[in-house]
There are 2 protein chains.
Amino acid sequence: MNVVKLSTVALERDKIVETALRLLDEVGLEKLTLRRLAAELGVQAPALYWHFKNKQELLDEMTEVIAVQKGPRLGPLAEGESWEAWLAEWVKEQRRVLNSHRDSARLTAGTHPGEGMLATVEMILGSLTRVGFDVVDAMWGVTALSSFLGGFVLEEQADRERGVGDWSQFQEAVEILAPYPHLCEAMIRIGGPQSEGAFEHGLTLILEGMRARLAASSGRQEGHGDLEVEGDRPAAG
Amino acid sequence: MNVVKLSTVALERDKIVETALRLLDEVGLEKLTLRRLAAELGVQAPALYWHFKNKQELLDEMTEVIAVQKGPRLGPLAEGESWEAWLAEWVKEQRRVLNSHRDSARLTAGTHPGEGMLATVEMILGSLTRVGFDVVDAMWGVTALSSFLGGFVLEEQADRERGVGDWSQFQEAVEILAPYPHLCEAMIRIGGPQSEGAFEHGLTLILEGMRARLAASSGRQEGHGDLEVEGDRPAAG
DNA sequence: GGAGTCTCCTTAACGTCGTTAAATAGAACG
DNA sequence: CGTTCTATTTAACGACGTTAAGGAGACTCC
């Protein structure tokens, strides 16, 4: 009895979250309203409070579904596989998953990592230490990648929401950028503020930094105190 | 006449924005309400619509004030100065400025860069090209730094808002992390998910990547196609 | 110096939101 | 049959952003 009833409720919850995610893609986070969601389910708004404590709990579950239910595809680093390519693939997959739902970055922003994400990070740390990383360096690398990912997708989706990328606003952008020659040249040569290239390149930068860090720390016994940025390079040029 | 009246309005706008920023620090973004702000100014809510088209315009102006009015301290890269240290200082200053106001990251997230920010970026691009960067690489570097900064501070402030960092929740965190040995070790050796070290280190990674990119591109005539991550390392095993 | 204009604010209200309280239809159970 | 539990409805509350209409006070101009 207990089992049957609980599973019924769970199924209902899943159905609600699923509908909410579909609705999110249709109308965006701003207009994702309990009343609207309820209507979509053929129900009155307060009915949702039987299944969820409040709206935040629904949103939390939505982020968990986005983050975990999709894309746990990454297996541990294979013997002899390039950790750079492997890590890059993970980050790109994360971006792909985030971009598979409208406003997902704003939705996810500031949510605690769920079980699935913790397990993934644990596996990454294991793999990276196996190729020689200090576990702290590995953790900080993952943190950097994750911050970059979050920040990038956030701006990317915000631009999309504003309709940037439409050529209608391109002319306007050119006028604004006119007084800034370098910026202007860069924009023209790139083709938009948030191109694929910007993501790939930023990702590469961090991985390159991690590679340098790995080399420096495995070169000496305890890899610490090498790559400091603050004033350790004598000014040259 | 015209001048006097316009400046009066401008002063009022400034006073409103200033009060709004103070109120933001007091009550947080969620409870920053037009009615509350108006009350703080000794005025009724609709009065604000004389000075601002809508709430978003007020928020936009708040972000512009945060981003520009504070911390335009960075001058162009001096002759012989280390560009790494110089850039690092800028990013750290940006973080300091963001963290000087509650919820500033969420406020800023998805706002178009204002005039001041454009000018700053232009100056950075100028300085970086002067030390040998291709303008596109410089732009992508700045983009990466900015995404990292935004993502990091967003999580950082979200944690703060949730009261993470309180030792009350530390025990709980330990229990959650128990099944993940690497994660656990990393956390213990770091001392929290969002430490100063994580920021400094992530920043260093990106700068290190930029340094490598600079070296690679100045080594050949046209620096392109060197640091690709996708599949250039043969997967084996 | 009175009429008109402009600035800045008020009062009143609208529609929507998240959320709560209370009542209720229907199934499950003794 | 009566009770209990599940899942929902109806009604309402307070707060939000926003709009409409008007009014008090200063400034301008003939």
Side-chain angles (χ1 to χ4, degrees), chain A residues 1-21 23-24 26-63 102-103 106-107 109-111 161-162, chain B residues 1-21 23-24 26-63 102-103 106-107 109-111 161-162:
Chain A
M1 50 164 211
N2 221 347
V3 179
V4 175
K5 290 182 182 174
L6 277 180
S7 73
T8 301
V9 169
L11 279 179
E12 272 304 323
R13 270 179 80 102
D14 285 2
K15 184 180 161 193
I16 294 174
V17 171
E18 205 176 318
T19 307
L21 283 174
L23 199 56
L24 174 66
E26 284 176 19
V27 303
L29 186 56
E30 313 271 60
K31 335 207 88 168
L32 177 62
T33 252
L34 290 187
R35 286 179 163 86
R36 184 139 191 191
L37 173 59
E40 203 80 6
L41 290 160
V43 131
Q44 296 304 110
L48 297 173
Y49 283 81
W50 177 259
H51 303 275
F52 297 91
K53 192 181 92 204
N54 51 31
K55 188 180 185 182
Q56 190 56 53
E57 191 177 301
L58 169 65
L59 295 180
D60 286 349
E61 189 131 334
M62 289 171 67
T63 74
R102 190 169 165 185
D103 283 329
R106 267 166 67 211
L107 183 65
T111 302
E161 214 66 19
R162 279 199 230 88
Chain B
M1 43 163 217
N2 220 349
V3 180
V4 174
K5 289 183 181 174
L6 278 180
S7 71
T8 301
V9 169
L11 278 180
E12 273 304 323
R13 270 180 79 103
D14 285 2
K15 184 180 161 194
I16 294 174
V17 171
E18 205 175 318
T19 306
L21 283 174
L23 200 55
L24 174 67
E26 283 175 20
V27 303
L29 185 57
E30 314 269 61
K31 334 208 88 167
L32 177 62
T33 251
L34 290 187
R35 286 179 163 88
R36 182 138 193 192
L37 172 59
E40 203 79 6
L41 291 160
V43 130
Q44 297 303 112
L48 297 172
Y49 283 80
W50 177 257
H51 303 275
F52 297 91
K53 192 180 94 205
N54 50 32
K55 189 180 183 180
Q56 191 56 55
E57 190 176 302
L58 168 65
L59 295 180
D60 286 349
E61 189 130 336
M62 289 171 68
T63 75
R102 191 171 166 185
D103 283 331
R106 267 166 67 208
L107 183 65
T111 302
E161 213 67 20
R162 279 199 229 90

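Proteins come first, then strands; the chains are lettered A, B, ... in the order of their sequence lines, and each starts at number 1. Side chains included, hydrogens not; waters and symmetry mates left out as well; all remaining heavy atoms used.
- Side-chain contact check for A/F52 versus A/D60: every heavy-atom pair is 4.5 Å or farther apart.
- A side-chain donor-acceptor contact under 3.5 Å links A/N54 to the backbone of A/E57.
- Per the geometry, CG belonging to B/L41 stands 9 Å off P belonging to C/dC9, to the nearest Å.
- Atom-to-atom, CD1 of B/I16 to P of C/dC9 comes out at 7 Å; the value is rounded to the nearest Å.
- Taking each heavy atom of B/T33 and B/K55 in turn, the nearest pair found is CA-NZ, 4.5 Å.
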> Is there a side chain to side chain contact (heavy atoms under 4.5 Å, CB included) between B/L58 and B/L34 once you walk through the steps?
Replying inline: CA-CA 10 Å; B/L58 168 65; B/L34 290 187; 4.1 Å; yes
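- Taken from CZ in B/R102 to CG in B/L32, the straight-line distance is 10.5 Å, to the nearest 0.5 Å.
- We find that CG of A/L37 is positioned 17 Å from P of C/dT16, with the value rounded to whole Å.
- Under the side chain to side chain contact (heavy atoms under 4.5 Å, CB included) criterion, B/E40 pairs with B/T19, B/R22, B/L23, B/E26, sequence neighbours left out.
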>> Protein within reach of the bases, or only the backbone? For nucleotides 8-17 of chain D, mark each nucleotide 5' to 3' as B, S or -, using heavy atoms under 4.0 Å.
In response: BBBBB---BB
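- The distance from atom NZ of A/K53 to atom P of C/dG18 is 16 Å, rounded to the nearest whole Å.
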